[in-house]
Amino acid sequence: MGSEGRSWSGVGAAAGSGAEAKATTAVVAAAAPAEIPTSSASVDISMPLPEMTPHIMQELLQGWSSLDSSCFSIETVSGGITNLLLKVSVKEDTGNESSVTVRLYGPNTDLVIDRKRELQAIPYLSAAGFGARLLGIFENGVVQSFINARTLSPADMREPRIAAEIARELHRFHQVDIPGSKEPQLWNDIFKFLKKASALKFEDTKKQERYETISFREIQDEVKELKDLSDLLHAPVVYAHNDLLSGNLMLNDLEAKLYFIDFEYGSYSYRGYDIANHFNEYAGFDCDYNLYPDKDAQYHFFRNYLQPDRPSEAQDLEALYVETNIFRLASHIYWALWALIQAKVSPIDFDYLGYFFLRYGECKKQMDSCLSLAQSFLSGLRNG
């Protein structure tokens, strides 16, 4: 980073926070984004918010640090699994209020998130009009503009009008050009997770006993089979969000503006994987996979993704349907292995081990039908 060690002014950062970056068109191989200020400052995420506040104001938002405490407020927006999101608001002399968000990385998240990859992409995604505008980078987090919008629910995602908008926006997202290698990272990431997940040791006896029932050899064989079969589909490689759940989608209803946020898991990957991963999130917080979209709902999404302004070819729809449903399995395996690692290292009180069995169990349940669909499709291509 060319600006290592620099700090930024909270006042300057907030001044434009109400005007979100506008969407660009076509392939976003845009000019390099403006240099983002960086700082070596770090904030202890384990501190209570009142104790954390002075550090945020004095070390991260120096332009606001001289203000009386009555002029600003800090509140928790969300405490996610991998980060803590705070909203910092300041009342200006004019009576207007300016806000930014401060995202603090959670402990041990470097085991499941490639922060270097994330920070490389964010400025380009921000410049292309996706997510909150990046205002600054510090040792264990980022400062971004505040988005005035509501977070979608899983039910919102399933609503046809919103699903169509998500599809169109995802197609645009997939046109962004991030500098560097364009090699898909999905299988590399899965094999890295598999290596870490297969070498865990739990102090809790019951957890260890459940863990020892897992056959990592079987998972490895299934991953190899999935990879080999998906390679035959020649799925397009795009820059993918890879975590498009309802919590990472926001909508300003008055402006009818949809936002994609939180690009922690973003990477070059397969078009069908990003869509399948999104479809898996229709299950919602209760993980009801009966809510996975049926073929008609999938085709509605595909038509808006592929050619929103003209009819889609039948073969294109079928190819994307097959592609998405094979990567549906890869999505379950990815998050199942992710959950195992979190079960060992995360301080959050959540049954990650149970989540592994839930996701892997759904993968096993859908395995035969998804593999059969892909094999039948490939056989048809070979036979002309």
Side-chain angles (χ1 to χ4, degrees), residues 44-48 76 78-85 104-115 140 154 186-227 242-243 245-248 262 264-265 276-277 279-292 327-371:
D44 185 355
I45 194 172
S46 67
M47 289 192 298
T76 301
S78 67
I81 288 175
T82 55
N83 60 68
L84 175 65
L85 189 64
L104 299 167
Y105 303 148
N108 301 314
T109 53
D110 57 315
L111 293 173
V112 292
I113 295 172
D114 186 333
R115 293 296 183 191
N140 64 325
L186 173 64
W187 302 113
N188 290 339
D189 289 344
I190 286 179
F191 281 117
K192 286 177 185 176
F193 280 7
L194 182 59
K195 183 177 180 180
K196 292 174 182 176
S198 63
L200 301 175
K201 181 77 173 178
F202 293 92
E203 295 177 4
D204 185 285
T205 303
K206 290 185 178 180
K207 281 187 177 181
Q208 184 64 26
E209 288 175 352
R210 290 186 75 193
Y211 173 76
E212 289 175 357
T213 66
I214 301 168
S215 172
F216 289 101
R217 172 64 67 181
E218 182 178 357
I219 295 174
Q220 180 172 289
D221 291 343
E222 289 165 344
V223 171
K224 288 180 177 178
E225 181 180 10
L226 273 177
K227 182 183 183 303
N242 295 327
D243 192 25
L245 74 167
S246 62
N248 287 337
D262 288 0
E264 294 178 307
Y265 294 93
N277 192 72
F279 285 168
N280 276 337
E281 295 297 340
Y282 278 35
F285 309 114
D286 295 328
C287 297
D288 181 1
Y289 291 106
N290 292 318
L291 295 174
Y292 191 88
F327 283 114
R328 172 185 186 180
L329 304 176
S331 167
H332 283 306
I333 290 178
Y334 179 98
W335 292 109
L337 295 172
W338 170 92
L340 279 182
I341 298 168
Q342 292 283 18
K344 175 61 179 178
V345 304
S346 177
I348 295 174
D349 183 18
F350 180 80
D351 183 13
Y352 289 106
L353 197 54
Y355 189 69
F356 162 83
F357 286 106
L358 190 87
R359 294 301 297 255
Y360 185 55
E362 183 64 18
C363 176
K364 300 286 281 187
K365 179 181 176 181
Q366 302 298 334
M367 183 80 72
D368 289 345
S369 62
C370 290
L371 292 179

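As the structure is a prediction and not an experimental result, all values here were calculated from the model.
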Contacts of D189 that satisfy salt bridge (charged side-chain N to carboxylate O under 4.0 Å, His left out) - sequence neighbours left out: R117
By salt bridge (charged side-chain N to carboxylate O under 4.0 Å, His left out) - contacts of E222 (at least two apart): K364
Distance, nearest 0.5 Å, that separates [atom1] of [X] from [atom2] of [Y]:
X    : Y    : atom1 : atom2 : answer
D204 : K344 : CG    : NZ    : 10.5 Å
R115 : D110 : CZ    : CG    : 8.5 Å
H332 : L226 : NE2   : CG    : 11.5 Å
L337 : R359 : CG    : CZ    : 11.0 Å
S331 : N242 : OG    : CG    : 9.0 Å
I45  : L84  : CD1   : CG    : 5.0 Å

Set of ring pair (Phe, Tyr, Trp, His ring centres under 6.0 Å) partners for Y282, sequence neighbours left out: H278, F279
With sequence neighbours excluded, residues passing ring pair (Phe, Tyr, Trp, His ring centres under 6.0 Å) with Y211: F202, F216
Derivation and outcome, side chain to side chain contact (heavy atoms under 4.5 Å, CB included), residues R210 and F357: CA-CA 10 Å; R210 290 186 75 193; F357 286 106; 3.4 Å; yes
Exam field: side chain D288 to backbone N290, donor-acceptor pair closer than 3.5 Å: yes
Check: L353 main-chain N/O paired with K207 side-chain donor or acceptor under 3.5 Å: no
Qualifying residues under side-chain hydrogen bond (donor to acceptor under 3.5 Å, both in side chains), relative to [X], sequence neighbours excluded:
X    : answer
W335 : N277
D44  : S46
Q208 : E212
Y292 : none

Closest heavy-atom pair and its distance - [X], [Y]:
X    : Y    : value
A283 : L291 : O-CD1, 4.2 Å
A330 : I190 : O-CD1, 4.0 Å
A336 : Y360 : CB-N, 4.0 Å
L111 : K196 : O-NZ, 2.8 Å
L340 : L200 : O-CD1, 3.3 Å
T109 : G106 : OG1-O, 2.9 Å

Does any non-hydrogen side-chain atom of [Y] lie less than 4.5 Å from one of [X]?
X    : Y    : value
F327 : L186 : yes
D262 : D243 : no
L358 : Y289 : yes
F356 : Q342 : no
N248 : L245 : yes

Using the test side-chain contact (heavy atoms from CB on, under 4.5 Å), find all partners of [X] that sit at least two apart in sequence or belong to another chain.
X    : result
P347 : P107
D221 : R217
F285 : P154, S246
K195 : none

CA sep, side-chain torsions, deciding dist, call: I333, F193, side chain to side chain contact (heavy atoms under 4.5 Å, CB included): CA-CA 10 Å; I333 290 178; F193 280 7; over 6 Å; no
Criterion side chain to side chain contact (heavy atoms under 4.5 Å, CB included) on V112 and Y265, from CA distance to verdict: CA-CA 9 Å; V112 292; Y265 294 93; 4.1 Å; yes
